[in-house]
Each structure stands twice: as structure tokens, then as C-alpha cells.
Protein chains: 2
Amino acid sequence: MSSVATQDRNIASTFAKGMAVLAAFDGSHETLSLADLARATGQDRATARRGVLTLVQLGYLHQNDRRFRLTPKVLSLAGGFLQANAFGRQVQPVLNYHAAMLGADITLALRDGENVLLLAQSTVRDGPVSYGFTLGSRLPLLHTSLGRMLLACEPESLMQELVTRAPLPRHTERALENRADIAQAIGTARISGSCVTDGEFETGIAGLAVPVSRPGERAAVVGASFPSGSGPHDARLQRLHLCAADLRQNQALEKL
Amino acid sequence: MSSVATQDRNIASTFAKGMAVLAAFDGSHETLSLADLARATGQDRATARRGVLTLVQLGYLHQNDRRFRLTPKVLSLAGGFLQANAFGRQVQPVLNYHAAMLGADITLALRDGENVLLLAQSTVRDGPVSYGFTLGSRLPLLHTSLGRMLLACEPESLMQELVTRAPLPRHTERALENRADIAQAIGTARISGSCVTDGEFETGIAGLAVPVSRPGERAAVVGASFPSGSGPHDARLQRLHLCAADLRQNQALEKL
DNA sequence: ACACAATGTGCGCAATACGAACGATAAGTC
DNA sequence: GACTTATCGTTCGTATTGCGCACATTGTGT
């Protein structure tokens with residue numbers, strides 16, 4: 001075992017390793033093997049194995065031959081957060097109302113490290129875009145309107161650091177490749193108070209995002225998506241601003 | 001430490017204890033203290049403390065003075081499940097379509113131990129009932145239509161065991177108090193292929209549920225709620241059956 | 001069928017984590 | 001406000017838990 005002299009005795013390293021195993025089930029694969037998990041977490045296979053078998057015993061994973069998958073029980077961990085923060089009463093109805101008025105899905109998002117984390121969404125019947133992301137999904141920070149609007153809400157120094165450090169995979173032909181260009185787009189979003197991207201994350205899809213959080217609060221944004229060229233964005237952005245204003249007014253996100 | 005002779009060396013007990021700490025944040029309180037967690041988990045306060053501080057370091061909990069709350073990061077654990085099982089593409093659109101046709105929220109649920117676990121829902125704008133539960137919420141098994149329908153889908157012996165063992169708190173004046181009466185209602189649901197309750201979990205609210213799963217599969221149901229006495233249920237149950245048929249057809253739930 | 005690569009598992013050993021005891025804080029009483 | 005008691009949070013000695021190496025087993029390529 002690592003004999004780091006400044007080992008923090010307040011931290012249970014076995015628990016931290018186990019959580020890394022759980023987090024490795026990030027949705028990018030339906031199932032994972034012990035060896036997959038050892039690679040994903042950097043742990044010895046024996047260590048990853050104990051983590052996985054513990055999760056199976058607790059009911060969070062199901063084992064099928066030599067592969068493991070998450071069970072629905074992990075949803076109850078999210079349920080604790082959603083219930084404690086009254087998302088069902090305070091957030092979802094606001095998103096539903098404005099999504100119905102907009103005629104498109106609306107998504108609420110925060111930043112989690114170098115990713116966008118989706119917290120809630122209202123998905124409408126027969127919306128113009130349905131890209132399959134859900135509550136809990138992670139999206140890239142640099143090529144989505146949600147991500148750029150989140151960065152626009154952060155202090156300049158943190159924004160610059162994240163633009164420099166966050167991954168920059170090229171999702172589409174139209175994706176900006178130059179970090180300086182992305183920083184400039186973020187600066188524009190900061191000034192205009194909204195962000196629009198077009199076809200940088202998914203081809204043929206325009207993304208719109210506006211801030212929900214007030215300055216000094218943890219950055220939160222709402223956004224929507226439309227087919228590229230499917231109409232002017234002014235009224236749509238206005239609708240997103242109204243949604244953000246309602247979320248601020250019912251103070252649903254103050255404790256995030 | 002417990003010196004259980006048959007300690008399973010494949011299980012990391014420290015990780016299991018840590019997961020019990022995480023699961024203690026079940027949404028029933030906005031924040032919990034160390035002492036709260038020690039009581040909820042049955043652990044020594046020092047043990048619970050290491051669990052909590054580990055979760056803070058990993059970003060799943062936020063500490064404010066002597067109290068702790070879940071952060072949105074726990075949603076990413078759920079996101080792994082939802083993404084891996086394509087809920088955004090395969091489940092949500094079906095629920096959205098049928099909820100729009102029904103004019104009311106539709107919820108998909110499974111059983112998790114002695115509770116109902118909500119897996120997904122489509123919530124409509126201005127639906128007749130909005131009780132604030134979300135994905136990941138737990139509901140009682142014995143007094144909800146979802147719970148009774150789930151029990152109706154289980155083998156007789158398991159159903160009898162759960163009816164005997166599951167908690168029987170009295171949520172409303174109309175709640176059945178006699179376990180034999182509940183078993184009989186479940187038997188009726190099994191025969192008729194649907195379940196209706198009225199005001200047993202929330203006063204003035206009728207619940208409807210029908211099975212999604214096929215015999216031999218893990219029990220799953222869909223349900224909706226309406227104000228008591230707000231109209232006949234036949235057409236509504238029909239709509240729920242159509243929803244269940246669509247979910248079966250796209251095979252979204254086969255791997256749960 | 002064989003060789004090699006990859007993966008899964010057992011168990012010796014020591015690092016990690018438990019929890020008793022003590023310190024700190026909160027609550028109740030006068 | 002002072003004092004007592006109860007409750008909660010933290011430290012650190014000790015031993016139990018869990019790490020990871022080496023071996024066993026399984027999978028893959030020729």
C-alpha cells in the first residue's frame with residue numbers, strides 16, 4: 001500500500017477506491033469487466049474486484065458471467081438529492097411550463113469539474129431535438145452552449161484555466177479547434193448574457209443557453225436545442241431568460 | 001471491529017460502510033450531522049465521520065458547519081445507469097407521448113426491497129396531480145397502486161412474505177390497515193391486470209397502475225394519479241396499457 | 001494443440017481504519 | 001449567567017481489514 005507520509009487519517013481510502021469503481025460506470029459502456037474497471041480506475045485487479053463485489057452485494061451492480069452492470073438502485077442515490085432539494089416541486093414544474101411554451105426540451109445544468117452535468121430537464125412530446133441525454137448525463141464543456149455559458153459565469157481566471165485544461169475532442173466538422181477562439185466565444189456570451197452554438201457538438205443542432213445563477217453563486221444555466229437554421233433565436237432566448245427568472249424567483253437552486 | 005469468523009474477504013467492509021453513509025442521505029432531511037449519520041447507519045461516530053469526510057473530498061457531499069448535504073454530483077451516478085440503458089432515447093419518449101395523450105404524469109417504477117423505486121417519469125405542464133416525487137424517489141409498497149401492482153407481478157410466496165414484512169404506516173384515514181385486506185387487493189390486481197387505489201397514500205388522490213414486465217421478468221409497472229372522483233378510470237387504464245405495450249415493444253427494460 | 005496474453009483469485013503481511021476515551025459544544029436547570 | 005449533564009466531534013493505539021504479488025485460470029491467436 002502507498003506509504004504517503006501525509007496520509008489523511010480522516011479519509012477512508014478503501015471507500016474512496018470503491019467510489020472510483022462506482023463512478024467508472026459512467027454510461028459509456030453498458031457493462032464492464034474486472035479488468036476494464038482496473039484500467040479505468042488505475043487500481044490493482046484484486047482491489048477493483050473487492051469494490052465490484054461489494055457493490056454487487058449491496059445491490060448497486062448486477063453480475064452476469066464476468067461482466068457487471070449498474071442496477072436501478074443507483075437512482076435512489078440521486079433521488080436523495082432530488083428529494084432533499086425539492087426538485088419535483090420547485091424545479092420540474094418551472095421547466096415543464098417553459099418547455100411547453102417553447103415547444104422544445106429545456107435542460108438545467110451545472111459544471112462538474114471539466115464537464116457539464118445535467119441536473120434536470122423537461123422533455124416534451126415530439127420536440128424538435130431528442131439527443132438522448134438525461135438527468136445525470138455529462139456533456140463537454142468547450143463545445144456546447146451549456147458549457148460555454150457555464151464558463152462565462154465563472155471568474156475570468158478560472159474560465160481561462162478551464163479553457164486551457166478541459167478536453168477538446170472534435171465532435172463535428174464545425175467544432176472550434178482553437179482554444180483562443182473558444183475563449184473569445186465565451187467572452188461574447190458573458191457580455192451578451194446568452195450563448196448560441198451551432199453544430200459544434202452534434203451536426204445540424206443549434207444550442208442555446210442562458211444563466212440562471214446570480215453573480216457570486218455557483219454557476220447554473222438553462223438551455224435548449226433546435227435544428228440548425230430552423231428559425232430566429234431571439235424569442236427562444238427570451239423564453240429561456242423567463243425560465244431562468246422563475247427558477248431564481250422560487251430560490252430552488254440557492255443551496256447547490 | 002467485528003470478528004465475524006466467516007468474514008467474506010471478497011467484500012470491502014469499509015466501502016460497504018461508506019455506501020451506507022451515502023445511502024443515509026435519502027431525501028427525508030435536507031442536511032444531516034455526524035451524529036445523525038451514526039444513528040442512521042448504526043456505526044460509531046468516528047467511522048461515520050471518515051465516511052462523510054471521504055464523500056466531501058470526492059465532491060458528493062458539501063459540509064456547512066456541522067451539517068452535510070448531498071451535492072448534484074450524485075446525479076452523475078444515476079446518469080451512468082440512465083445512459084447505459086438508453087433511457088433518454090428509449091424510455092422517456094414513450095412516457096412523454098403517452099403522458100401527453102393522457103393529460104397526466106406517467107411514472108415507471110420497480111421494487112427495491114420493501115419500497116417502490118421510481119425509475120423515470122414524464123411530468124406534463126399543469127397536470128392534475130403533482131406530488132413532487134422524482135426519478136429515484138421511494139414510495140411505500142403496500143399503500144400505493146404502483147406498489148400493489150408490483151407485488152401482484154411477483155410470485156405468490158414472495159408477495160405474501162412482502163405483505164407480511166413491509167412497513168405499514170398509516171398515511172391517510174382511508175388507508176387499509178389489515179394486511180389480509182391488502183393481500184386481497186393485490187390478488188384482485190393480479191386477476192384484473194391493473195390496480196386502482198384511492199386516497200390511501202395521499203388524501204384525495206387516486207392512483208392507477210398496470211404491469212410493464214412480462215411474467216418471469218423483473219417486475220416493472222407504469223402508473224398515473226388523478227384527483228379522487230375526477231372521472232372514470234377505464235380509458236385512463238387503457239392508455240397506461242398502451243404505454244406498457246410500447247415499453248415492452250422497444251425492449252428498453254429487458255436488462256434491468 | 002500449443003504458446004502467449006489477459007484476466008481472475010488466494011493469502012501473507014502491514015497499512016488502514018476501528019472505536020474507546022477524551023475534548024468540545026449544546027442543552028437544560030436554577 | 002453559572003453550573004451540570006447530555007450530546008457530539010476528534011485523536012491515536014492497536015489489530016483487523018484489505019493491498020497486491022504471485023499463481024491459477026481462461027481466452028486468443030497461430
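Chain letters run A, B, ... following the sequence lines, proteins first and then strands; every chain starts at 1.
- Rounded to an integer number of Å, the gap from CG of Asp65(B) to C1' of dC8(D) is 14 Å.
- Thr134(A) places none of its side-chain heavy atoms less than 4.5 Å from the side chain of Gln92(B).
- Taking atom CD on Gln43(A) and atom P on dC21(D), their separation rounds to 14 Å, with Å as the unit.
- Sorted by first and then second residue, the side chain to side chain donor-acceptor pair (under 3.5 Å) pairs with a member in residues 112-122 of chain A read Asn96(A)-Ser122(A), Thr107(A)-Gln121(A), Asp112(A)-Arg138(A), Glu114(A)-Arg165(A); sequence neighbours excluded.
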Please list each protein N or O that sits under 3.5 Å from an N or O in nucleotides 8-11 of chain C, with the distance.
residue: dG8(C); atom: OP2; partner: Ala35(A); partner atom: N; Å: 3.0
residue: dG8(C); atom: N7; partner: Arg45(A); partner atom: NE; Å: 2.9
residue: dG8(C); atom: N7; partner: Arg45(A); partner atom: NH2; Å: 3.3
residue: dG8(C); atom: O6; partner: Arg45(A); partner atom: NH2; Å: 2.7
residue: dT9(C); atom: OP2; partner: Arg49(A); partner atom: NE; Å: 2.3
residue: dT9(C); atom: OP2; partner: Arg49(A); partner atom: NH2; Å: 3.0
residue: dT9(C); atom: O5'; partner: Arg49(A); partner atom: NH2; Å: 3.3

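- For the salt bridge (Lys or Arg N to Asp or Glu O under 4.0 Å) condition, no pair includes a residue of residues 71-82 of chain B, sequence neighbours left out.
- Contacts of Glu177(A) classified as side-chain hydrogen bond (donor to acceptor under 3.5 Å, both in side chains), with partners at least two apart in sequence or in another chain: Arg170(A).
- With sequence neighbours excluded, no residue satisfies salt bridge (charged side-chain N to carboxylate O under 4.0 Å, His left out) with Glu173(B).
- Taking the side-chain hydrogen bond (donor to acceptor under 3.5 Å, both in side chains) definition, one finds that Asp36(B) meets it with Ser33(B), Arg39(B), Arg67(B), sequence neighbours left out.
- For Thr47(B), a side-chain nitrogen or oxygen approaches OP1 or OP2 of dG19(C) to under 4.0 Å.
- Applying the 4.0 Å criterion to OP1 and OP2 of dC19(D), one finds that Thr14(A) has a side-chain N or O inside that range.
- The distance between atom CG of Leu32(A) and atom P of dT7(C), rounded to the nearest whole Å, is 12 Å.
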